[in-house]
Amino acid sequence: MSVKYLTLSFGFLALAGASVGAQSQMDDVEIEAQKITDQIFMLEGRGGNIGLCIGDDGAFLVDDQFAPLTDKIRAAVAGVTDGEIRFVVNTHWHGDHTGGNENLGQAGALIVAHENVRKRLDPAQFKEVMGRTQQAPPAALPVVTFPNSLTFYWNDEKIDVFHLQPAHTDGDSVIHFTKANVFHMGDLFFNGRYPFIDVDSGGGVEGVIAAADRVLDMSDPSTRIIPGHGELSGPEGLRAYRDMLVTVRERVRNLKDGGKSEGEVVAAAPTQDLDGKWGDRSERFVRAVYRTLAGRR
């Protein structure tokens, strides 16, 4: 089975969160709300971390995990606010971040995302970009898209949403709650673990490094950063992640420039001394770095 097929399967299966099997796997999941400020929370369950902004205008969500978890997510939101969920901003298209779109969209929330997120979710366009003809239902699609950036003035917050160069995918957005000094980076940041870089969705390691640099340049010691996966962080955690990315990129580049094939680079174990800290998915990561540097998509 090819690496590309594995990547396609990952995205497709992640979006199949409403199946009976997926429901049974979600029965024991609990959604926990971690307070960051009086208005900003991080919700943890299964899938990508959710950002929540509350206030008089209503609840504002960043990502929504899997469809079978929607009722639990609603209950967690109701535990901290009486406001209805009015907006959902998707950080990218993967199903562990967009699986609840259909449920929340049907309930009246407006789904917002970068234009490439809609393109990758839309059945009418999906064949063109991923070779499949069926994907998310219409109610799950973003109803507001943007090419570069947009700003919400909501709950007495200024919420900046901005797209970056292809990184985790080609449709990544960072959400910045400017008054609260909180970022949600989606899967541009896997805190304490090797990232998944979806090369087949336009991603690349250079963009992930650039995204980390962008947020670090906008941060100060009091900044809080919600990662796509892992614990709530600050600039120190993001900086360590960025340094790891650079280290691995340079090691893979040196091996590749020395004539090593992708398989030979993997066999050389360029992350061996890092695996104890960053986890056991180094092969997938190394292959993605190699494919980025080789210009493969």
Side-chain angles (χ1 to χ4, degrees), residues 3 7 10 48-49 91-92 94 114 162-176 182-297:
V3 173
T7 303
F10 173 87
N49 292 326
T91 59
H92 63 290
H94 289 153
H114 183 262
F162 54 93
H163 173 62
L164 298 165
Q165 72 183 74
H168 174 60
T169 69
D170 62 4
D172 304 301
S173 295
V174 171
I175 291 80
H176 185 199
V182 175
F183 289 91
H184 193 310
M185 291 187 66
D187 282 2
L188 295 168
F189 182 21
F190 283 66
N191 189 18
R193 62 192 76 178
Y194 293 121
F196 169 56
I197 299 175
D198 191 347
V199 179
D200 293 308
S201 290
V205 68
E206 301 289 6
V208 182
I209 294 169
D213 285 337
R214 173 80 177 272
V215 173
L216 286 170
D217 285 345
M218 299 172 67
S219 299
D220 60 49
S222 65
T223 300
R224 298 288 87 194
I225 303 171
I226 300 173
H229 299 270
E231 297 179 356
L232 182 69
S233 183
E236 67 286 347
L238 179 59
R239 188 171 293 108
Y241 178 72
R242 184 260 183 203
D243 291 347
M244 177 274 293
L245 294 171
V246 171
T247 296
V248 176
R249 179 195 63 184
E250 293 309 302
R251 290 177 181 179
V252 172
R253 174 179 283 155
N254 289 337
L255 289 166
K256 174 185 168 297
D257 290 350
K260 299 290 186 183
S261 68
E262 181 178 332
E264 289 171 333
V265 170
V266 170
T271 66
Q272 186 172 14
D273 61 320
L274 303 173
D275 292 348
K277 178 176 181 180
W278 297 98
D280 60 0
R281 296 188 174 182
S282 58
E283 178 178 342
R284 183 181 70 178
F285 174 45
V286 168
R287 289 187 183 278
V289 174
Y290 187 96
R291 292 179 66 196
T292 298
L293 298 176
R296 297 181 188 172
R297 289 290 186 270

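This chain uses plain numbering: 1 for the first residue, then up along the sequence. As the structure is a computational prediction, the values presented were derived from the model and not from experiment.
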Q) Do Arg291 and Glu262 sit within salt-bridge range, that is, some charged N less than 4.0 Å from a carboxylate O? A) no

Q) Any side-chain heavy atom of Thr91 sitting closer than 4.5 Å to one from Asp187? A) no

Q.
Could you report the tightest heavy-atom contact between Asn191 and Ser233, atom names first, then the distance?
A. ND2-CB, 3.7 Å

**Q.** Side-chain touch Met244/Tyr241, heavy atoms, less than 4.5 angstrom
**A.** yes

Q) What closest approach, in Å, do Lys277 and Ala240 show between heavy atoms, and which atom pair accounts for it? A) NZ-CB, 4.1 Å

Q: In sequence, state the C-alpha distance, the side-chain angles, and the governing distance for His229 and Phe196, and then conclude on side-chain contact (heavy atoms from CB on, under 4.5 Å).
A: CA-CA 10 Å; His229 299 270; Phe196 169 56; over 6 Å; no

Q) Do you know which two heavy atoms are closest between Gly204 and Thr292, and how far apart they sit? A) CA-OG1, 3.4 Å

**Q.** SB check Glu250 Arg253 (cutoff 4.0 Å)
**A.** yes

Q) About how many Å separate CD1 of Ile197 and CZ of Arg287, when rounded to the nearest 0.5 Å? A) 14.5 Å

Q. Where the side chain of Arg251 meets the backbone of Pro270, is there a donor-acceptor pair that is under 3.5 Å apart?
A. yes

Q) Does a side-chain heavy-atom distance below 4.5 Å link Ile225 with Phe189? A) yes

Q: Determine the minimum heavy-atom distance between Ser219 and Pro235, stating which atoms define it.
A: CB-CG, 3.9 Å

Q: Compute both the distance and the angle, then confirm whether Arg281 meets the cation-pi test with Phe190: under 6.0 Å from the six-membered ring centre, within 45 degrees of the axis.
A: no

Q. Can you tell me if Asp198 and His94 form a side-chain donor-acceptor pair at under 3.5 Å?
A. yes

(Q) As a quick check of understanding, evaluate side-chain contact (heavy atoms from CB on, under 4.5 Å) for Thr223 and Val182, giving each step before the final call. (A) CA-CA 6 Å; Thr223 300; Val182 175; over 6 Å; no

Q | From Asp280 atom CG to Phe285 atom CZ, the distance as rounded to the nearest 0.5 Å | A | 14.0 Å

Q) Nearest heavy-atom pair of His168 and Leu188: which atoms, and what distance? A) N-CD2, 3.9 Å

Q: Measure the shortest side-chain to side-chain distance between Arg249 and Val246 over non-hydrogen atoms and say whether it is less than 4.5 angstrom.
A: yes

Q.
I'd like to check Leu245 versus Pro195 (side-chain heavy atoms, cut-off strictly below 4.5 Å). Are they in contact?
A. yes

Q.
Just checking Glu231: does its CD atom have more than 12 heavy atoms from other residues, nucleotides or ligands closer to it than 6.0 angstrom?
A. no

Q) Do the side chains of Leu274 and Ser282 get nearer than 4.5 Å, heavy atoms only? A) no

Q: Go through Asp172 and His114 one step at a time and tell me if the side-chain hydrogen bond (donor to acceptor under 3.5 Å, both in side chains) criterion holds.
A: CA-CA 7 Å; Asp172 304 301; His114 183 262; over 6 Å; no

(Q) Within this structure, what is the OH-OG1 distance for the pair Tyr194 and Thr271, rounded to the nearest 0.5 Å? (A) 3.5 Å

Q: Give, for atom CG of Leu255 and atom CD of Glu264, the distance between the pair rounded to the nearest 0.5 Å.
A: 9.5 Å

Q | Closest approach of Arg224 to Gly234 (non-hydrogen atoms, all atoms of both residues) | A | NH2-CA, 3.5 Å

